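Working notes, structure below.
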2 protein chains.
Amino acid sequence: MGATIKDIAAKTGLGLATISKYLNGGHVLEKNQAAIEKAIAELDFQVNEFARSLKTRQSKTVGVVIPQLNNLFMTSIVTKVEETLRHHGYGVIVCDTSKQPEREAEVLQFLLNKMVDGVILLATSKEAEGLDPVLKRNIPVVLIDRKVDRLEEKTDMVLLDNFRAAYESTRYLLERGHRRIGLLIGSEDVYTSRERLLGYYAAMDKAGISVPKNWIRCTDFTMQGAYQQTLELMEEESGLTAIFATNFEMTLGTVLALKDKGCQVPGEVSIIGFDNRELARAMQPALTIVSQPVEEMGVEAANLLLRRMQPSDGAAEEAQTILLRAAIEEGASVKRVAD
Amino acid sequence: MGATIKDIAAKTGLGLATISKYLNGGHVLEKNQAAIEKAIAELDFQVNEFARSLKTRQSKTVGVVIPQLNNLFMTSIVTKVEETLRHHGYGVIVCDTSKQPEREAEVLQFLLNKMVDGVILLATSKEAEGLDPVLKRNIPVVLIDRKVDRLEEKTDMVLLDNFRAAYESTRYLLERGHRRIGLLIGSEDVYTSRERLLGYYAAMDKAGISVPKNWIRCTDFTMQGAYQQTLELMEEESGLTAIFATNFEMTLGTVLALKDKGCQVPGEVSIIGFDNRELARAMQPALTIVSQPVEEMGVEAANLLLRRMQPSDGAAEEAQTILLRAAIEEGASVKRVAD
DNA sequence: TTCTATAGACGAAACGTTTCGCCTTTATAC
DNA sequence: GTATAAAGGCGAAACGTTTCGTCTATAGAA
């Protein structure tokens, strides 16, 4: 069907090696170059990547694995990763695990079959056992957003300083007089949730406030989950003056629930949310949020991986962890209250 | 590095062809099968997909191209497509074009290089010119959600009956006494927006209502865009009794804007939104929405493509268009008003 | 026992590249 | 005019599979 390198060698009267050299950016005589280009255009030639990869043992492809595609935070990272890698000639295969640990292992095996040159993983399972076959084959891996303790020495990681982000946001509320602060987090099985919870506890603790269990609500990370939990929270704990929601979806759920309850923000309840600067600014009052450097996370992860994939210095270096900081972006959803 | 079929042939004392047969599901003697499996486990053998694909001329991979990853509607479809194809042994490469037509052509070329066996496209550009090289190579394509007129005879399509969905939703409002109905749509360059606009017009027209231009607001499909437009709309057209928002993000933006304005729903303004059944039901009052059969769209698209990729009957059949219907899911966000 | 049918095993060739070591041409210096 | 260096071109082998046509061994029928 498609033309091969031989066809274009025949057509131009040149040798195979010359065509190959041209295709890979080598120097050939100008007239030959012209001839080759003409032949390529006429025959609609296209390199057979299978053959190339078979020979070079590189697929120029990396796999990106995330728990779900329906999540703005994750897809924002993926978008940036994809962009960065593309600029270096790599393609990206995105897979989601539907939050199921078994699927994670399956998907990683699939990527192994596809012979990806590297993997970026936003872990679904706690221990990411599915990575073992990948690591065994010495394929570089970068973990993103969620730490896996057992791999700390083995793979690069790009993390947010979740503890600090939560600590500082809670302090932000405390400094403005709030003492009864509700917290919405995702499953405690997830690294980021645990860290954020700890950061909140630490700040409250330091302020001498003992936190009733009931102020802390775990959800499934979704808008509707947070909506429900916020309603219950406000029902059961009418004394709360602020709520801290720790991802974007939950923030939306909380905002909607408070509004549907007719609860003024920040008049009656103050809010600190998470992510999506654009929306936070568009709203009235503008939301005060913790803004994660999603794009930076994507770029850093891609760059770490790129370095490891260069056979030169890759394997040698020690595993590296990049810890990024979130920023508090002030809106007007937090009111100063009397102590 | 990795073991090859030869290694396992040597280890078992069997021939290459036998190993190959086993790998591809053929029958071999039980004792040989045992021996092969043992060798595979011991050598940690894994099929080299490059070599396999080079020989079979199949990558067992399909490309899915969408305008952006940060969009729930699109990623829901992708998730379903991926699931369906995976069950048939196909992997999926997801690419987003960042809504840029040039990127669409680039991405399709990239997929061509990766030698995908098929393509599912949610078109970014109006004419999807980037598909031409793909079609030229006789790679099957399925268009999803957005129609491209010039390709109607050439590729399969899975579409929503957008006209009907908008017509019926508008009628739903009209039947409940609303006559001054605002409409939020995306760019008019996009097929779905145009159709939804036409459906709205048709219903209004039939009801004898002439629609001022000002009732119709085009946005960039985003939450924040719709938020802004809703505020302006309510400012300039205080007589409106209902708003129809035509995608999920815009629905959220509208809801938020109305609430921030202190506008009662449905007391002062009724709303019909789009998509995300879960959230719509969680809210109070529950939102009345047009619910698109996203999962069905994904499955249908995947199945159409699977059929075409089977060399047997694929090329022969005529291009097929599947038109799906949306459902109106009643909540309590639409009030009956006096005519 | 001999013949035939059948299941299963087998080796070689082919898929389309890249790369190695070698060869040819051209330009430059003497 | 010859010698030398540099630039560029060249074919063959190799990458790891699948597949085709052929061969062998076993079982059942006569």
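These numbers come from the heavy atoms of this one structure, side chains and all, not from hydrogens, waters or symmetry mates. Small disclaimer: the values here were computed from a predicted structure and weren't measured. Every chain is numbered from 1 and lettered A, B, ... according to where its sequence line falls, protein lines coming before strand lines.
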Kindly say if [X] contacts the phosphate of [N], meaning a side-chain N or O under 4.0 Å from OP1 or OP2.
{"X": "Asn24(B)", "N": "dT18(D)", "answer": "yes"}
{"X": "Arg57(B)", "N": "dG16(C)", "answer": "yes"}
{"X": "Asn32(A)", "N": "dG9(D)", "answer": "yes"}

Between [atom2] of [N] and [atom1] of [X], the distance in whole Å:
{"X": "Ile5(A)", "N": "dA13(D)", "atom1": "CD1", "atom2": "P", "value": "18 Å"}
{"X": "Tyr22(A)", "N": "dT17(C)", "atom1": "OH", "atom2": "P", "value": "14 Å"}
{"X": "Lys21(B)", "N": "dT17(D)", "atom1": "NZ", "atom2": "P", "value": "18 Å"}
{"X": "Arg52(B)", "N": "dG16(C)", "atom1": "CZ", "atom2": "C1'", "value": "18 Å"}
{"X": "Gln33(A)", "N": "dG9(D)", "atom1": "CD", "atom2": "P", "value": "10 Å"}
{"X": "Leu29(B)", "N": "dA9(C)", "atom1": "CG", "atom2": "C1'", "value": "9 Å"}
{"X": "Phe50(A)", "N": "dT17(C)", "atom1": "CZ", "atom2": "C1'", "value": "13 Å"}
{"X": "Lys6(A)", "N": "dC10(D)", "atom1": "NZ", "atom2": "C1'", "value": "15 Å"}

Any residue of residues 39-46 of chain B with a heavy atom less than 4.0 Å from an atom of DNA chain D: Phe45(B), Gln46(B)

Strand contacts (DNA chain D) in residues 11-20 of chain B, 4.0 angstrom heavy-atom criterion: Ala17(B), Ser20(B)

Sugar-phosphate only, base, or nothing, as touched by Leu54(A) at under 4.0 Å among non-hydrogen atoms: base

Shortest side-chain distance from Lys55(B), nucleotide among dG9(D), dA14(D), dC15(C): dC15(C)

More than 12 heavy atoms from other groups under 6.0 Å of CD on Glu83(A): yes

Heavy-atom neighbours of Glu295(B) CD exceed 12 at 6.0 Å: no

Looking at side-chain heavy atoms only, is the closest gap between [X] and [Y] below 4.5 Å?
{"X": "Tyr90(B)", "Y": "Met309(B)", "answer": "yes"}
{"X": "Ile322(B)", "Y": "Leu324(B)", "answer": "yes"}
{"X": "Glu82(B)", "Y": "Asp96(A)", "answer": "yes"}

His27(B) side, atom NE2; Asn32(B) side, atom CG - distance, nearest 0.5 Å: 13.0 Å

Between CG on residue Leu111(A) and CG on residue Asp117(A), distance to nearest 0.5 Å: 11.5 Å

Earlier contact from the 5' end, DNA chain C, for Ala51(B) and His27(B): His27(B)

Glu104(B) vs Gln100(B), side chain to side chain donor-acceptor pair (under 3.5 Å): CA-CA, chis, key distance, verdict: CA-CA 7 Å; Glu104(B) 186 172 57; Gln100(B) 297 165 10; over 6 Å; no

Pair Arg137(B), Gln46(A): side-chain N/O donor-acceptor within cut-off below 3.5 Å: yes

